[in-house]
Amino acid sequence: MADTVLLIDGNSIAFRAFFATINSLDRFTNHAGVHTNAIFGFNNMLDILLKQVEPSKVLVAFDAGKTTFRTEKYGDYKGGRQKTASELLEQMPLIKQMLDGYGIEHYELKNWEADDIIGTMAKQAEAAGDDVIVVTGDRDLTQLATEKTTVAVTVHGVQELEEYTPKYVEEKLGITPNQIIDMKGLMGDTSDNYPGVQKVGEKTAIKLVKQFGSIENLYDNIDTLKTSKMKEHLIEDKDKAIMSKDLATIRRNAPVEKSLDDIGYSGPNVEVLRDFFTDMGMKGALAKIGGAEEKPAPKAKWSVLSAANIGDALKLKSPVAFGLEMLDDNYHNAAISAFYVGDADQTFVSADLSLLDDLEFHMWLEDPARELTVFDAKRMIVAAARLQLNIRPACDELLASYLLDPDDNSADLGTMARRRSYLELPSDAEVYGKGAKRKQPEDDVFYNHLALKSQALLKLRAGLLTDLEKQGETDLFTNLEMPLAGVLAKMEMRGIKLEPDTLAEMGKNFEGSLAVMEQDIYREAGHEFNINSPKQLGTVLFEDLGLPAVKKTKTGNYSTNVEVLEQLQSAHPIVKDILSWRELSKIQSTYVNGLQKALQPDGRIHTRYLQTLTQTGRLSSIDPNMQNIPARGTGKQVRKAFVPSHKDWIIYSSDYSQIELRVLAHISGDENMREAFREGRDIHANTAMKIFNLKSPDEVTPDMRRQAKATNFGIVYGISDFGLARNIGITRTQAKQFIEGYFNQYPKVHEYMDKMVEVAKKQGYVETILHRRRYLHDINSRNFNLRSFAERTAMNTPIQGSAADIIKIAMVRMDKALKDAKLQARMLLQVHDELIFEAPASELEELKKLTASVMDSAIKLAVPLKVDSHAGDNWFDAK
DNA sequence: CTACTCACG
DNA sequence: ACGTACGTGAGTAGT
């Protein structure tokens, strides 16, 4: 049987692993202060590869040093590179040590690069009839792909591999693997610092290689090329092209002293590896290599709380960890199966919820002096409230972790703890199981797990708080997000009243219309099919009816989205019918039916806001999502079903006008934009005047205003000419002119965009006005797409995030203001820039004044904030 | 469990 | 030259 040979580009993988986690470099250090992030990433990758590939032979090749035969040929080869970071350098010998523990051969050869070692070994292995897998972070190695050799290139750090077979190379580039060197020869390589032919990039290079097959053949037939600048350049740079091809060519005959027989792999030396991982402080890896079976689940000390010893709980000292355990995630109705309470010394657990009714214990828990530390405050507040217990946690560790890094938002304490190097708490999934198998374990295991949670909370608390302080987020945490958790809990518990009859009636009508439309569509198609299936619909439109396919999806299927269908409207009458059917069917299934399913026995909808999910600081809403109820078109009717709780009450909504553009005017410091807002001008018309170079607002046509509005939006999203052009249906050149005009008129906005990208590149994150932070891992990526995305995010996040900050302040203050004014009015919903209330009609005037003053003054910006409000008998009319 | 589509700001 | 708007959640099909 053929062997599978795994060949790994050691330097390249170490490099990728290092940069994948460079933002949290300091979280990966061992007792001696040595960084371990690259070791960690390398190990993860190795672990996965060994399991998936099950190789019988493995070799990790390293570069031997700076000088190689390539630098002898061309002195500037790989010149001008930055020095390797010392934090990575110190890990290189340790990675080799780890490989020794794995029993994996590693090898380097003076004057040769790792690539050449790999190329040489791959050739030998192929000759022996083996299958070869090359793993690297360097695309240039894809030239090695053959029928027997697959080249796996890392994407997204080292998490994922993209496998290059000859077929895949051809699909992707249109040339064969062994033509890659011809392409590189023509285009050169900036990172390896060798030249190609002037003005020839990847596109041109591929075109030429396709045409001529190779550089040699190209120059043999150069006369067949039409006279052009390119031809001149090709002739002028012939020597460079030939030299560059030579530099790009991986040698397959390096004097490698290892043979296939030397690189057999038969599994790790667990003892050696265990010592190594222990020394590196890599507890996760340690557990994985066999520690796992031997090591019992962590054991906590705890006592079961009962009526007999409840007095002991009252002696616990702040900070006190507390939690109500629910195995379902919807805390509005999940069964509460137990609670835990503890301090640094003692932990109590109990499944007897009636203990929480004990008057003394009850008051002790509710006492604001208690400093309760919890995981997911809103969840705990709502669950406790169901037991008539009104807690006000002082510290929510989920929220803290989320503010430190919005990526760290796992709804599981054990998972968060592990990320912070605390390994004494397994995840809920490990203890309870997941999916259908999830269930409460026997008492001993269950109580132990709860006790571990209590102890983890107390162990992690100080570190989280000092980290918040270090990141300047203490105020955001203490004075905004923590209080907001309480406000949101109240909003969710109140819910909003829904009249199911209103929906049911709408549903009946829609059902009738849908049935008629369906028949029309089937008739036009010539047969019945599932209109809801994009696949079947694609077949009907683009094969049966032969309409021109406009666009494909990323998986290569026909796209049938609105944009496509709108373009096809005139081509066939069926298209219009499908569009109408789609619109109605969406309303029917998601809203008319969906909302009725979400209606609770109390006649109300109780959404859950996710306070620790979005990357920008916005809330999101689930189960049901109350932030995407139709606001336009036919679907808007759905809003009629949302009504006040009581007779003679009203629904009242108050929304920030243009909050994101006002934030932009503020943080960019642009005087032109600030003035427009200060003067109370129509910002879109103002922008239209600027970019169309008009003298007076009267000259602004509705279409100009529409385009200007789209441009304003585009700016907020981190504009590109392509995106803007597509959005408003103009040419890319026109879009470019719009943007140029825009930046001329709002010069500081331009500066702001550049500055945010620069800041992100330098420090790895951007911030909102309240110092909410978002890390942008891809900001220095060499992948254009990833990097561009990160750049747009760098521009957008401070804007979207600061707007989120502002409405959150307004919510916390509104909650207090309503209480202070002793109004019956209540806040029910938040939809990003809008707050929705219900109130007795008699309170409307006062409510108007209150929302205006509280929302306007939530924060002091260099421009005024403006609030619009509407009232009505239901949500539809409150707009 | 992923892909597609479409609802919101 | 590269391929694009920013942030979400839910329903349905189809593997």
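Below, read A as the first sequence line, B as the second, and so on, with proteins coming before strands; counting in each chain starts at 1.
- Between A:Lys378 and A:Glu492 a salt bridge is recorded (basic side-chain N to carboxylate O distance below 4.0 Å).
- The residue A:Gln536 sits close only to the backbone: its heavy atoms come under 4.0 Å of sugar-phosphate atoms, none of a base.
- Residue contacts for A:Asn561: at a heavy-atom cut-off of 4.0 Å it reaches the sugar-phosphate backbone alone, with no base atom in range.
- For A:Arg726, no side-chain nitrogen or oxygen approaches OP1 or OP2 of C:dT4 to under 4.0 Å.
- At C:dA1, none of the side-chain N or O atoms of A:Thr204 fall inside 4.0 Å of OP1 or OP2 (strictly under the cut-off).
- Proximity of A:Arg582 to the phosphate of B:dC6: a side-chain N or O atom is located under 4.0 Å from OP1 or OP2.
- For A:Gln627 against B:dC8, no side-chain N or O and base N or O form a donor-acceptor pair under 3.5 Å.
- Within 4.0 Å (heavy atoms only), A:Thr797 reaches no atom of the nucleic acid at all.
- Across all strands shown, A:Leu619 has no heavy atoms under 4.0 Å from either base or sugar-phosphate atoms.
- Judged purely by atom type and a 3.5 angstrom limit, A:Asp237 has no side-chain atom pairing as donor or acceptor with the backbone of A:Lys240.
- For A:Arg618 and C:dG9, the shortest distance from a side-chain N or O to OP1 or OP2 is not below 4.0 Å.
- Within 4.0 Å of A:Gln615, counting heavy atoms only, lie sugar-phosphate atoms of the nucleic acid but no base atom.
- Nearest to the side chain of A:Phe789, among C:dC6, C:dT4, C:dT8, sits C:dC6.
- Close to C:dG9, at under 4.0 Å from its OP1 or OP2, lies a side-chain N or O of A:Ser620.
- At the heavy-atom level, A:Ile799 lies nowhere under 4.0 Å from the strands shown.
- The ring of A:Tyr746 has its center closer than 6.0 angstrom to the ring center of A:Tyr742.
- Using a 4.0 Å heavy-atom cutoff across all strands shown, A:Ile719 reaches at least one base atom of the nucleic acid.
- OP1 or OP2 of B:dT5 sits under 4.0 Å from a side-chain N or O of A:Ser559.
- Residues A:Arg139 and A:Glu162 are paired through a salt bridge, judged by an N-O separation under 4.0 Å between the basic side chain and the carboxylate.
- At the phosphate of C:dA13, OP1 or OP2 sits under 4.0 Å from a side-chain N or O atom of A:Asn530.
- Among the atoms of the strands shown, base atoms are found under 4.0 Å from some heavy atom of A:Arg732.
- One atom, NZ of A:Lys586, and another, P of C:dG9, lie 13 Å apart when rounded to the nearest Å.
- The phosphate of C:dC6 has neither OP1 nor OP2 within less than 4.0 Å of any side-chain N or O from A:Thr616.
- Within the 4.0 angstrom heavy-atom criterion, no nucleotide atom of any strand lies near A:Gly718.
- An OP1 or OP2 oxygen of B:dC4 is reached within less than 4.0 angstrom by a side-chain nitrogen or oxygen of A:Thr553.
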